[in-house]
Amino acid sequence: MPAISSNKPYRVGRSRTGLGLFATKPIRKGAKIVRYFGPLLDSRKKKDDAIENKYLFELSGRWTIDGSVRKNVARYINHACRPNAESDVMPRKRKVVIRAIKNISPGEEINYDYGTDYFKAYLKPIGCKCAACEKKRKKMRAEARAEKLRLKARAEKKALKKALKKALKKAEKQAKAQEKAEQKLKHMLNGKSNGVKLNGKPLNGHGGKSAAGKMISVKSGIFARPKGKPDRENSASA
């Protein structure tokens, strides 16, 4: 880690993505923070054009700064989709300066947008870890959890409704069966009351009437004689 003078408004510190550059003093909007520097690479030279690393800063179609040297403190500045600084590129001077685009407070991490090409080549494959993207992912995770809970509650409500419907149907079926059994029992009791028997013979119908006639004859002392047969007493007196 390079030594940084105490009068500089920044320090190298631990960030969520590794190392980062943090403000040690208030930095006003528009102020120059640090210069991005390193050896100049000429794309016309095969040797220079063959160099590949993630600290290359393209100035023009020909010139590129190789910022991988340790003295280049600006290389510790991380990318952010919503940055508080920007790169001021001066192709003619072959120079890049990082400037604040917002007021930066002490302890706040300094960051700038690396650009679309760098983002697609290095950040998109692994996922951007800047504060804005982390916040967006956190929000998406929260929404996904909420949606999952909503679907779960909906499924539970549907299952409960189905169970209640099934229980109600079962109760209705049991009520109908009970009603049918009561009607059957009532019908049986009505049948027995209409067909009460005396000495093994039913009271209602023809048999009932005959038994009743015999009972009346016994009580009155009058006996019925068979038809066509003369009375013995009358024939004797004659």
How close do [X] and [Y] get, heavy atom to heavy atom, and via which atoms?
X	Y	result
Ala85	Ile110	CB-CG2, 4.2 Å
Asn53	Ser68	ND2-OG, 4.0 Å
Cys81	Cys130	N-SG, 3.5 Å

Distance in Å, [X] [atom1] paired with [Y] [atom2], rounded so as to fall on 0.5 Å steps:
X	Y	atom1	atom2	answer
Leu21	Arg75	CG	CZ	12.0 Å
Thr24	Ile104	OG1	CD1	11.0 Å
Ile101	Glu86	CD1	CD	5.5 Å
Tyr112	Asn78	OH	CG	9.5 Å
Arg70	Tyr76	CZ	OH	5.5 Å
Glu58	Thr64	CD	OG1	5.0 Å

Could you check if a side-chain atom of [X] sits within less than 4.5 angstrom of a side-chain atom of [Y], using non-hydrogen atoms only?
X	Y	answer
Leu19	Arg14	yes
Asp66	Leu56	yes
Ser87	Ile98	yes
Ser105	Pro26	no

- Message: Under 4.5 Å between side-chain heavy atoms, counting indirect links through other Ile/Leu/Val/Met/Phe/Trp/Tyr residues: same cluster for Val97 and Trp63 or not?
- Response: no
- Message: Quick check: is Ile77 connected to Val69 through a chain of hydrophobic side chains (ILVMFWY, heavy atoms under 4.5 Å apart)?
- Response: no
Distance-only donor-acceptor pairs under 3.5 Å for side chains of residues 150-170, two or more places apart:
residue : atom : partner : partner atom : Å
Arg150  : NE   : Glu147  : OE1          : 3.2
Arg150  : NH2  : Glu147  : OE2          : 2.8

Please set out all donor-acceptor pairs under 3.5 angstrom arising from side-chain atoms of residues 131-142, sequence neighbours excluded.
residue : atom : partner : partner atom : Å
Glu134  : OE2  : Arg137  : NH2          : 3.0
Arg137  : NH1  : Cys128  : O            : 2.7
Arg137  : NH2  : Cys128  : O            : 2.4

- Atom CG of Asp117 with >12 non-hydrogen neighbours under 6.0 angstrom: no
- Task: Using the side chain to side chain donor-acceptor pair (under 3.5 Å) rule, pick out the option among Glu108, Glu109, Lys29 that qualifies with Asn84.
- Result: Glu108
Contacts under 3.5 angstrom, residues 88-95 side chains, donor-acceptor by atom type, not counting sequence neighbours:
residue : atom : partner : partner atom : Å
Asp88   : OD2  : Arg99   : NE           : 3.0

Without placing hydrogens or testing angles, list every side-chain donor-acceptor pair under 3.5 Å for residues 31-43, not counting sequence neighbours.
residue : atom : partner : partner atom : Å
Tyr36   : OH   : Tyr55   : O            : 2.7
Asp42   : OD1  : Arg44   : N            : 3.0
Asp42   : OD1  : Arg62   : NE           : 3.0
Asp42   : OD2  : Arg62   : NE           : 3.2
Asp42   : OD2  : Arg62   : NH2          : 2.9
Ser43   : OG   : Gly61   : O            : 3.1
Ser43   : OG   : Arg62   : O            : 3.2

- Message: Restricting to side chain to side chain contact (heavy atoms under 4.5 Å, CB included), what partner residues turn up for Lys8, sequence neighbours left out?
- Response: Ile4, Ser5, Tyr10
- Note on the structure: side chain to side chain contact (heavy atoms under 4.5 Å, CB included) filter on Asp113, not counting sequence neighbours, yields His79, Pro83
